[in-house]
Amino acid sequence: MIKLVSFTICPFVQRVTAQLNAKQIPYEIEYISLKDKPQWFLDISPNGQVPVLLTEAGVALFESDAIVEYIEDEYGPLEQGVSHTQRALDRAWSYLGSKHYLAQCGVMSSKDEQTFIQRAEKLRQAFAKVEAQLTGESPLFKSDRLSNVDIAWLPLLHRAAIIKAHTQYDFLCGLPKVQAWQAALLAVVDVNRTVADDFEAKFTDFYLTETFLAKGTDIPAQQACQAASCCG
Ligand SMILES: N[C@@H](CCC(=O)N[C@@H](CS)C(=O)NCC(=O)O)C(=O)O
């Protein structure tokens, strides 16, 4: 069986678990501490990062983009009959999502208002690109069927939903099509199966303790958005 080496709150891992679940591919998962990486992990992970996927033949694959492409190649594509052009576009939109995982982590970890606003603006620009791309005619990114683009953006949209539930801060404020996509995606995917049982506790403990978001009130970017009546 495939084995995935993971860290509980890693978005790159969640993209891979979501893809494995979508294809109903069974896998084992082992969580490690990134503060104290075990030697066996360092021996198999050239970049020292999770995810690492151990194939059925025991080969250690690293870098989530490569892992996602391996799963498509080895177990068959999530969607059949996608043209080369569309596949390139899907990959590009997926990369745009995964390229912002660390940006979202950075926003959430910000300790002060100025840093928070600067970082949030960069991430907002990416969500705004998606807002412009979505037609609003289908619930998910391309249609009513789950695609690799949906899976690539799932970690960002899932985390945005948790942050909103705990702080009222909405990464998607003023972006109604992205909000609708988020709602549809979180309804279609059994998101709890893409993360560890203690994910939300660990995630909120990490990002909502001694951070700017943890203060919970008076977030200027949100206020500006609300003043423009984007969010009612
Ligand atoms: N480019 C890598 C990024 C993965 C990544 O940043 N993983 C983080 C956890 S979310 C990690 O392992 N950090 C430990 C480190 O960099 O030492 C990928 O796509 O797999």
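Just follow the structure's listing: the first ligand is 1, and inside any ligand the first atom is 1.
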| message | salt bridge (Lys or Arg N to Asp or Glu O under 4.0 Å), that's the test. Do Lys215 and Asp112 meet it? Break it down for me. | response | CA-CA 10 Å; Lys215 294 175 191 158; Asp112 61 81; over 6 Å; no
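Here the protein heavy atom with the shortest distance to atom 19 (O) of ligand 1 is Ser64 OG, 2.6 Å. Atom 17 (O) of ligand 1 has its closest protein heavy atom at Lys37 NZ, 2.5 Å. The shortest contact between atom 10 (S) of ligand 1 and any protein heavy atom is with Cys10 SG, 2.7 Å. In this structure, atom 16 (O) of ligand 1 lies nearest to the protein heavy atom Gln49 NE2, 3.1 Å.
Between Tyr101 and Phe12, the ring-plane angle classifies as perpendicular under the 30° and 60° cut-offs. Between Phe199 and His158, the two ring planes are parallel [angle under 30°; tilted spans 30° to 60°].
With ligand atoms numbered from 1 in the order given, ligand 1 contributes 1 (N), 2 (C), 18 (C), 19 (O), 20 (O) to contacts under 4.0 Å with heavy atoms of Glu63. Here is the list of ligand 1 atoms found below 4.0 Å of a heavy atom in Pro51: 20 (O). Close approach to Leu34 involves these atoms of ligand 1, each under 4.0 Å from a residue heavy atom: 9 (C), 11 (C), 12 (O), 13 (N), 14 (C).
A donor atom on one side chain and an acceptor atom on the other are found under 3.5 Å apart for Trp181 and Asp150. Between the side chains of Ser45 and Asn47, at least one donor N or O lies within less than 3.5 Å of an accepting N or O.
Considering backbone and side-chain atoms together, Asp65 places no N or O closer than 3.5 Å to any N or O of ligand 1. Taking distance alone, with nitrogen or oxygen atoms compared against 3.5 Å, Asn47 stays at or beyond that limit from ligand 1. At under 3.5 Å, a nitrogen or oxygen of Val50, whether backbone or side chain, sits near a nitrogen or oxygen of ligand 1.
The heavy-atom pair separating Ile151 from Arg15 by the smallest distance is CG2-O, 3.4 Å.
In terms of modelled atom types and a separation under 3.5 Å, the side chain of Glu28 and the main chain of Lys3 share no donor-acceptor contact.
Distance check, rounded to the nearest 0.5 Å: CG of Leu140 to CG of Leu134 gives 10.0 Å.
The shortest heavy-atom distance from Phe7 to ligand 1 is not under 4.0 Å.
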